[in-house]
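All heavy atoms count here, side chains included; hydrogens, waters and symmetry mates do not.
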Amino acid sequence: MSQIEVAQIIEQIKQEITVDSNGQGKASIRATARLADVQDSSLRRALLSAALQPSALAQSLIQQGFSPAALETWNEGIPDMGVAAVIEYYAFDAGRHCKQQARLVCKAFNRIGVRAWMQDIMGWTKPATQPQEQPPTPTLPPVEQRLHTLVLAMKTLAELTGGRLNPYMEQQFKDYAGNLLAEHNRKLLTGTKEKWLGVVNFAESELGKKVPLSGTHYRGHLGTWVRTFYPHLGDRQETRLVNGVQQPIYVYACHDPAVAAGLTKAIEEFFAHPSPGAALRQAGAFASKKEPVLTK
């Protein structure tokens with residue numbers, strides 16, 4: 001028996017081999033018997049004996065992990081891994097019943113594997129995988145709606161705690177968290193790296209300053225100080241939370257190093273001055289205006 005003869009047998013049994021969509025092959029009992037050079041009736045009896053008095057072949061297959069129940073179903077077709085096990089048995093483990101042809105077939109299978117061999121002779125190719133659809137980008141609610149929800153949630157928290165929260169701390173948290181959320185949403189929606197902050201927000205988050213709500217250096221005067229003595233830093237306004245109310249405030253391009261440096265200089269000067277309110281009045285900051293709104 002030569003490899004050429006084995007190739008002829010393979011060509012003859014080709015019609016009795018199938019490969020499913022997952023690439024798993026299956027051969028009929030007749031095709032498997034031809035490959036192992038045994039009678040298909042003998043192979044069928046050996047497999048059906050698994051449940052009662054297992055034959056030597058059935059015992060070998062069971063030891064390799066095939067269940068007796070599975071062997072009984074092989075009458076309808078033997079899976080590729082089972083075909084390999086049967087041929088290997090008749091090639092090396094069947095004692096005086098070992099077959100030279102089974103050895104040649106086994107040697108051929110060892111090079112690429114039974115499954116790959118079946119796929120090759122049947123012309124099976126792996127189906128192209130469909131690209132996974134990307135989940136749609138979630139749409140954020142309007143910023144104003146999210147800020148309003150935040151304020152309502154904080155009010156509910158105050159009610160649940162019996163109003164024992166420090167009102168100044170509570171209001172400061174509302175303003176800071178709300179404005180931070182607005183800035184975060186804006187970045188997500190625009191995809192930019194810009195950073196627009198109110199002067200108080202910049203002083204507290206970037207410089208670690210504590211800007212009081214009252215006193216000689218209160219936050220309203222800080223905003224007026226920057227607009228009066230450093231008007232070149234910008235005049236952009238955005239709607240932000242101030243004391244729980246949406247108000248327009250001045251915001252500055254803190255992503256610009258020159259603007260950030262100017263704000264830092266202005267804030268340091270403001271806190272170093274013994275009476276910034278008096279300096280603002282002398283500069284005419286309040287001459288034609290009402291007291292400026294609190295900025296954040």
Side-chain angles (χ1 to χ4, degrees), residues 1-140:
M1 174 65 66
S2 65
Q3 290 288 359
I4 295 178
E5 292 174 296
V6 171
Q8 292 174 346
I9 293 174
I10 290 174
E11 184 63 29
Q12 294 169 6
I13 65 172
K14 184 177 179 179
Q15 301 301 321
E16 299 182 50
I17 294 174
T18 59
V19 178
D20 64 18
S21 59
N22 295 321
Q24 296 179 347
K26 183 179 288 188
S28 68
I29 286 183
R30 178 178 177 277
T32 306
R34 288 289 306 278
L35 290 172
D37 193 21
V38 297
Q39 294 294 322
D40 58 293
S41 58
S42 299
L43 177 58
R44 183 175 286 104
R45 285 195 302 271
L47 295 176
L48 292 176
S49 70
L52 299 176
Q53 293 181 325
S55 63
L57 170 62
Q59 292 178 27
S60 175
L61 294 172
I62 292 172
Q63 290 174 0
Q64 296 181 57
F66 298 101
S67 68
L71 298 184
E72 292 182 359
T73 65
W74 286 7
N75 189 50
E76 301 173 0
I78 303 177
D80 45 24
M81 296 298 99
V83 172
V86 169
I87 294 174
E88 183 177 351
Y89 171 81
Y90 283 110
F92 306 106
D93 302 327
R96 62 186 179 88
H97 298 294
C98 286
K99 303 293 184 178
Q100 180 187 5
Q101 177 178 307
R103 290 194 185 96
L104 293 174
V105 173
C106 193
K107 184 184 296 185
F109 285 170
N110 285 340
R111 296 192 183 100
I112 62 173
V114 177
R115 180 170 297 176
W117 170 76
M118 289 186 176
Q119 293 173 354
D120 180 62
I121 66 172
M122 297 305 296
W124 181 88
T125 56
K126 186 176 181 179
T129 56
Q130 296 293 331
Q132 294 183 349
E133 292 186 5
Q134 295 296 327
T137 303
T139 303
L140 294 174

Euclidean distance, [Y] [atom2] relative to [X] [atom1], rounded to 0.5 Å:
X	Y	atom1	atom2	value
D37	K99	CG	NZ	5.5 Å
D40	R34	CG	CZ	9.5 Å
S41	I29	OG	CD1	10.0 Å
E88	Q64	CD	CD	6.0 Å
S42	R45	OG	CZ	4.5 Å
I17	L35	CD1	CG	6.5 Å

Kindly give the heavy-atom pair with the smallest separation between [X] and [Y], and that separation in Å.
X	Y	value
E16	A31	OE1-N, 3.7 Å
A58	A46	CB-O, 3.6 Å
L52	P54	O-CD, 3.4 Å
I62	P68	CD1-CG, 3.8 Å
A50	L71	CB-CD1, 3.6 Å

I'd like to know if the side chain of [X] and the backbone of [Y] have a donor-acceptor N/O pair within less than 3.5 Å.
X	Y	result
D80	G25	yes
D20	N22	yes
Q39	A33	no
S28	G77	no

Side-chain heavy atoms of W74 within contact of L48, under 4.5 Å: no
Residue pair Y90, C106: steps toward the side-chain contact (heavy atoms from CB on, under 4.5 Å) verdict: CA-CA 9 Å; Y90 283 110; C106 193; over 6 Å; no
I78/L47 under side-chain contact (heavy atoms from CB on, under 4.5 Å): CA gap, chis, key distance, verdict: CA-CA 10 Å; I78 303 177; L47 295 176; 4.1 Å; yes
Verdict with reasoning, C98 to R103, per side-chain contact (heavy atoms from CB on, under 4.5 Å): CA-CA 8 Å; C98 286; R103 290 194 185 96; 3.7 Å; yes
From CA spacing to verdict: side-chain contact (heavy atoms from CB on, under 4.5 Å), T32, V38: CA-CA 9 Å; T32 306; V38 297; over 6 Å; no
